[in-house]
Each structure stands twice: as C-alpha cells, then as structure tokens.
A.B. asks: 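Shown below is the structure under consideration.
Note that this is a predicted model, so its numbers are computed, not measured. Values below: every heavy atom of this structure, side chains too, minus hydrogens, waters and symmetry copies. Just so you know, ligand 1 is whichever comes first in the structure, and atom 1 is the first atom listed for that ligand.
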Amino acid sequence: MTADQADTHCPYCALQCGTRLSRQDGAVRVEPSDFSVNRGGLCHKGWTAPALLDTPDRLRHPLLRGPDGRHTPVAWDTALDRVAERLRRIRAEHGPDAVAVFGGGGLTNEKAYLLGKFARIALGTSQIDYNGRFCMSSAAAAGNAAFGVDRGLPFPVTDLADADTVLLAGANVAETMPPLLRHLERASLIVIDPRRTRTAELAALHLQPAPGTDLALALGLLHVAVTEGWCDRSYVAARTSGFDEAWQRALGWWPERVERVTGVPAEDQRAAVRMLTEARRAYVLTGRGVEQHSKGADTAAAFINLALALGLPGRPGSGYGCLTGQGNGQGGREHGQKADQLPGYRSITDPAARTHVARVWGVDPAELPGPGRSAYRLLDALGRPDGPRALLVFGSNPVVSVPDAGRIGERLAALDLLVVADFVPSETARLADVVLPVSQWAEEEGTLTSLEGRVLRRRRLLDPPAGVRGDLAVIQGLATRLGQPAARFPTAPHEVFDELGRASGGGPADYSGISYERLDAGEALYWPCPARPADQAAHPGTPRLFLDRFAHPDGRARFAAVDHRDVAEPATADYPLTATTGRVLAHYQSGAQTRRVAELLAAVPEVYAEMHPDTAAAAGLADGQTAVVRSRRGRMRARVKVVHTMRPDTVFLPFHFPGAGRANLITNPALDPRSEMPEFKACAVRIGPEDSEG
Ligand code: SF4
C-alpha cells in the first residue's frame with residue numbers, strides 16, 4: 001500500500017535530511033520536513049532527488065548476459081535459478097569462500113543485516129565486505145581504540161549550534177552536506193584542507209597543509225597545546241590513559257618543524273589551538289580528507305589526542321566526532337556486512353558474540369565463518385587461484401569507486417560469475433552476468449542510522465515499477481534456492497529490523513529497544529537503546545555518549561601513541577605532483593545516481609582537474625583544455641580548471657565520473673595497516689596535454 005505523502009529522508013548522504021514526499025499531478029515533489037538536523041534546508045541533490053525515480057534507463061527486468069555479451073531481459077525465476085545454480089556449482093568445486101559478497105554504505109540497516117546473514121549462513125562464506133571500508137574505516141578504528149565504541153558523532157548534530165569554535169579537519173561540509181552549516185553559523189571555524197574549499201572560505205582560520213601531512217599537523221597542534229600550558233591536566237588525569245606515551249611522540253613535533261613538513265605557518269598552528277582553548281564550547285571534527293590515507297587511522301587518532309588533551313570528548317557542549325559520508329555509513333558498518341563483524345558491532349572472532357548471534361539465527365556457532373578479506377583485498381583477489389570466483393554486489397559501484405580501478409576492472413572480468421543488484425545500469429552492472437533490478441529509497445520501507453547515531457525511518461511513497469523487487473526479496477529468493485528456509489530470511493522490513501534488534505542486543509550498537517512503532521510515534525532514538533523488561537519504562541536511547549565514562553572497561557579514553565610518516569607514494573622527478581580526490585556538491589559517490597539527474601549533471605557535467613595557474617603553465621596546459629593525469633597505475637583525462645588558491649604541488653580530481661574520467665584509475669591502493677583504508681587522498685602524478693607523454 002502506498003500513500004499520497006510520506007515523511008522520509010534524503011537518499012544520499014549521512015546527514016539524512018528530513019524530507020516530505022508527495023504526489024501532485026502525477027509527479028513526486030520533495031520539500032524539507034520538520035526535522036531538526038536540516039532545519040528546513042536541503043542541498044541541490046536533495047531537492048532534485050525525485051528525478052531519480054523515473055530516470056529513463058531505470059532497470060525494470062532482470063538481465064542475463066548471453067554468449068554474444070549482450071544483456072537480455074528474463075523472468076525473475078529464470079534469473080534467480082541461474083544465479084543459484086552457478087553459485088552451487090562454484091561452491092561445490094571450489095569451496096564456500098569461492099563466493100564473495102560486496103555491500104554498500106547506502107543500504108538500509110535491514111538490507112545490510114540480511115546480506116551479512118545471507119553470506120554467513122546461506123553461502124557459508126567469510127568473503128564479505130562493503131564500500132564503507134573506503135569511507136569510514138579509519139575513523140572507526142581510531143574511535144574504537146580511543147573511546148571503546150565507534151559512533152560518528154557521539155552527540156546530536158544540533159549541539160554544534162552552540163559551539164564557539166569548531167575545527168574541521170579534512171571535511172568540506174559546504175559541498176558535501178551544506179545544511180550542516182546551519183548549525184555552524186555561530187561558531188568560528190578552523191578548517192584544515194590542502195584546498196581552499198568553499199568551507200575554507202567560511203573559516204576564521206584556514207590551515208592548508210600539503211596532502212598527506214595532516215598527521216604531522218595534528219601532532220604539532222598537540223605539541224602547542226601542551227607547551228603553551230593549554231592542556232586540560234585534570235581532565236587528562238581523571239578521564240584518560242596513555243597521555244605520556246602519546247606526548248613522547250608529539251614532543252618532537254614543535255611548530256617550526258611542523259611548518260617545514262606541512263607548510264602551515266607555526267603562528268597559525270598556535271592560533272588554531274588558542275581558538276579551541278579559549279572557546280567555552282569547542283569541537284574537533286574529522287572527515288575523509290584526513291582519513292582516506294594509508295595512515296588514516298593514526299591521523300584520526302592524532303586529532304582525537306588533541307581533543308582529549310583539551311578535555312573536549314564527553315564534556316557537555318564540546319566533543320570530538322567524525323562526519324560520516326554515505327547515507328547509512330553508520331548503520332551500514334554496525335550490522336554485519338563488514339568482513340570482521342557480526343550484528344550490533346560485534347566482533348566475528350569473539351566466541352560470546354558468535355554464540356549470541358548464532359542463537360538468534362538458529363544455527364550452530366561453529367557454522368559461522370571467521371573474518372574475511374577487507375574490501376580492496378577482496379576485490380583484488382577476485383578470479384585469482386586462491387580468490388573468489390563469484391561476486392554478488394548490492395548497492396555499490398566498484399568499477400568507479402575503488403582505487404586502482406583499472407586493475408579491479410581486470411579482476412571483475414576474471415570472475416566466473418558477477419551478479420549486481422541495482423536500480424540503474426551502473427558501470428559495474430554493465431559488466432555483470434546477471435543484473436537484478438531492485439527498488440530504491442521512495443519505493444521502500446526501512447531504517448537508516450545517521451551520522452549522529454540516530455535511527456531514522458525510510459518510508460515508502462510509491463510502489464516500485466512492475467518487474468522490480470526489493471533487495472530483501474532478492475536475498476530470500478536466493479537463500480531459499482540455496483536450501484535455506486524462507487522464514488529465516490524474512491522480506492518484511494519490520495520483521496528484519498526486530499530480528500536485527502535481537503541480534504544486536506547486548507552489543508556495542510544495541511538496537512534491541514528500538515522498534516518501528518517507537519520511531520513512527522516520533523521518538524528520537526540514538527543507539528545504544530537496549531530492550532527493557534515489559535514492566536519497565538522503555539530505554540530512551542543515548543543522544544550523548546561519554547558524559548560520565550568512555551566505553552572501555554575502566555571508563556577511560558585512550559590516547560594513541562602515533563607518529564607521522566610520509567605518504568605511500570611521495571612525489572618524484574618523474575611524478576612531481578600529488579593528486580588528491582574528493583567530492584563536489586552536485587554529485588554523490590560514484591555518480592551512478594546523480595549523473596542521471598539532469599540538473600545535477602548540468603551543474604557539473606564532467607570531471608575536471610583543479611590546479612594552480614603556474615602548475616598548468618609548467619605542464620603546457622591552459623584553463624579548459626583536456627589534461628592527461630598519469631600515475632604509476634594508469635592515466636585519466638580531465639578538463640583543466642585553473643584555481644589560483646590551489647597549492648602548486650597539488651592537483652584535485654572529483655571521483656564521481658566514469659570511463660576515462662575516473663579519478664580512481666590513478667589512485668594508490670596502499671592500505672592503512674589498521675583500517676585497511678586505501679590512500680585515496682595522495683598519489684604521485686604528472687600531467688600534460690592530451691597529445692603529450694606528460
Ligand atoms: Fe541529502 Fe545530504 Fe544534501 Fe541533506 S545534505 S539534502 S542528506 S545529500
């Protein structure tokens with residue numbers, strides 16, 4: 001059943017702006033709903049989201065690739081039978097780990113949960129990970145180590161509205177989530193970014209480090225805090241441990257040395273820490289700019305160290321947080337589609353967690369596989385002798401979004417079977433042997449968890465087009481064909497959510513006290529929200545974490561002893577520039593959705609390369625010309641955009657574009673040893689005109 005109006009949330013980023021959808025004269029209209037996070041605002045993507053619903057190339061039938069390489073529409077039973085038969089054969093010949101699953105940070109909690117369960121008990125494979133590995137994993141690793149739990153913002157977004165000073169490290173919120181600025185109007189902003197972004201233009205202070213040197217800068221800021229006497233010694237003594245070891249590492253990073261490494265003037269470093277110290281309410285927030293590095297977890301940890309030294313986390317009106325990117329980047333990393341994780345943010349290697357989840361699933365704990373490969377390693381293993389031979393992709397477009405994309409394209413081509421569930425023919429779907437057309441945001445019910453850890457209801461306005469099924473039904477259809485009872489894979493989202501709640505109960509991300517009924521009654525519920533006995537009042541959820549204690553057993557936060565190291569691929573004489581990638585306001589992730597919205601495509605129709613005029617001139621390039629950007633892995637083409645505020649040693653590339661304009665053709669898959677995050681933000685390149693060797 002559908003309604004003429006639905007209060008739901010934007011299909012794109014983790015801010016999850018509240019929207020009201022309605023049907024008027026046959027068209028779907030969107031307006032901001034009464035929701036505290038976006039306060040009546042939407043960005044360009046949110047306003048134009050209804051255009052996605054009737055995009056002309058919407059997938060409406062399952063497709064099978066024939067011997068001639070062309071996709072042909074087939075019935076659902078034919079497609080699912082074919083997939084199940086091939087999966088059974090591959091498993092029989094090569095074992096359960098020969099089948100892999102790749103999920104997405106945009107999937108609802110229900111889909112992410114059921115996908116993880118499907119992989120572990122219907123396929124019996126350990127080989128599942130998701131594209132959130134490329135988004136949140138460094139901040140998650142640092143947050144878990146420091147605080148004992150990982151929730152992007154451990155406080156409501158609206159708390160930021162009272163801040164005096166906010167440090168944004170590697171977060172360009174003016175482009176990635178503009179309505180957030182409504183909560184930052186009062187604050188003085190300190191922005192750390194190699195580019196003079198729109199956010200940096202709003203800042204009271206812009207620190208512009210060389211790409212890949214944020215860790216040195218964070219160490220320098222801690223050095224300033226301690227040596228200037230601005231460290232909150234009583235907070236450090238009462239609420240933390242590990243300060244001395246962390247300080248030993250920061251000791252050698254005095255501001256003038258940091259200036260030599262990062263290019264940020266020593267005086268600006270002191271000014272930044274002074275602004276944070278003098279503020280009554282201050283926040284340190286990190287984003288992908290500092291996290292998407294081969295040392296991203298240590299860099300996030302170094303900013304947490306700074307926040308702890310200043311006594312911010314857990315202090316009312318102040319704090320540390322990381323700004324989650326994808327729509328369900330938070331919930332998507334909590335319920336079991338990560339290689340090392342079971343629902344409720346439980347570890348798959350923890351015997352007690354395995355027993356608990358296996359009981360909810362009605363299986364023997366010994367049946368649950370162990371941890372699998374992380375995202376890049378998984379994709380890089382496809383089709384190799386010891387790697388998976390089949391891959392099921394849900395809600396992701398790795399052909400565009402994965403580093404060293406040319407190499408990963410070869411791995412996908414080496415598979416025996418590639419199955420993609422999507423609602424548009426993404427670049428990955430075009431390569432698939434079987435394409436399964438699924439519903440999208442306004443056609444489905446579910447929940448997502450926003451960047452502040454609040455669980456939100458996605459509500460259906462429309463039925464999906466004829467021929468399209470929900471992901472939950474697709475998962476059930478495959479599971480039953482693989483011998484599972486249908487009841488073990490429910491298709492009603494509220495049933496899946498209730499089971500997810502039970503599976504998460506007692507875990508770090510405990511949803512067991514949350515229900516559709518409570519959410520639909522308008523309660524604002526933030527995890528953890530444990531179930532309580534029927535004779536007690538329901539748990540109110542936890543909008544603010546850490547007010548009394550951190551989540552480690554001793555209640556203390558942990559400083560991390562981290563030190564700076566260079567990028568994995570420094571500039572050289574052959575590759576003298578550093579390329580860094582990022583997002584633009586008009587597009588989202590791989591662009592598979594936003595490039596299909598005419599208004600957004602008109603706003604930014606093609607990939608460009610931002611560079612300083614001197615950089616362009618030295619390479620024989622002019623504004624508007626096509627440049628070839630080469631790294632050791634490949635080459636891509638981009639329109640030159642001369643920007644006077646760029647660092648002359650840096651080239652910026654948005655990563656939303658396909659084909660020869662894929663920024664990820666040149667990016668470096670060097671992985672962070674703690675989070676397995678690739679180094680999207682820094683690789684050595686050279687540039688030149690199209691007809692040159694560059
Ligand atoms: Fe959607 Fe994010 Fe834009 Fe809000 S800021 S409208 S959630 S894309």
Side-chain angles (χ1 to χ4, degrees), residues 6-22 28-53 104-109 131-132 135-136 152-153 156-158 160-161 168 171-185 197-199 202 285 287-288 321-332 395 401 440-442 446-459 461 524 582-597 599-601 603-604 654-656:
D7 281 347
T8 186
H9 295 270
C10 174
Y12 299 114
C13 86
L15 197 58
Q16 282 298 290
C17 293
T19 57
R20 173 163 292 176
L21 301 181
S22 57
V28 174
R29 297 178 66 87
V30 64
E31 59 183 334
S33 65
D34 179 19
F35 189 60
S36 58
V37 165
N38 47 312
R39 284 188 177 170
L42 295 175
C43 78
H44 200 178
K45 295 189 288 290
W47 280 113
T48 55
L52 271 177
L53 295 166
L107 298 177
T108 61
N109 290 320
N131 65 16
C135 186
M136 293 306 307
L153 298 185
V157 165
T158 48
L160 294 170
L168 290 163
N172 180 15
V173 295
E175 294 214 57
T176 56
M177 42 182 69
L180 185 72
L181 292 174
R182 292 170 183 234
H183 302 288
L184 299 176
E185 286 167 1
T197 61
R198 290 187 199 180
T199 311
L202 302 172
L285 304 177
R288 301 305 81 70
C322 97
L323 295 163
T324 307
Q326 293 191 78
N328 198 27
Q330 183 69 50
S401 61
Q440 56 169 314
W441 60 295
T447 60
L448 293 94
T449 305
S450 72
L451 78 173
E452 53 180 6
R454 179 173 170 181
V455 182
L456 303 169
R457 281 278 280 116
R458 169 177 281 187
R459 295 190 181 86
L461 178 77
R583 290 189 273 169
V584 300
L585 194 157
H587 291 291
Y588 176 70
Q589 300 298 94
S590 77
Q593 296 166 78
T594 49
R595 284 185 273 110
R596 289 178 161 80
V597 175
E599 253 190 69
L600 298 177
L601 190 63
V604 184
F655 65 85
H656 314 288

A.B. asks: Do the non-hydrogen side-chain atoms of Phe35 and His9 ever get within less than 4.5 Å of each other?
C.D. replies: yes
A.B. asks: So, for Ser590 and Ser401, which heavy atoms are closest and what is the spacing to 0.1 Å?
C.D. replies: CB-CB, 4.5 Å
A.B. asks: Would you say the side chain of Arg583 lies within less than 4.5 Å of the side chain of Asn172, judging by non-hydrogen atoms?
C.D. replies: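 Asn172 vs Arg583: side chains apart.
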A.B. asks: May I ask you to list the protein N, O or S atoms found at less than 2.8 Å from atom 2 (Fe) of ligand 1?
C.D. replies: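 Counting only protein N, O or S atoms under 2.8 Å from atom 2 (Fe) of ligand 1, the list reads Cys13 SG.
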A.B. asks: Please examine the side chains of Leu285 and Leu153, heavy atoms only from C-beta on, and report whether any two atoms are closer than 4.5 Å.
C.D. replies: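 Yes; the side chains approach each other to less than 4.5 Å.
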A.B. asks: After noting the C-alpha distance and the side-chain angles of Asn131 and Gln589, does the key distance pass the side chain to side chain donor-acceptor pair (under 3.5 Å) rule?
C.D. replies: CA-CA 10 Å; Asn131 65 16; Gln589 300 298 94; 5.8 Å; no
A.B. asks: Quick check: do Leu600 and His44 have side-chain heavy atoms less than 4.5 Å from each other?
C.D. replies: yes
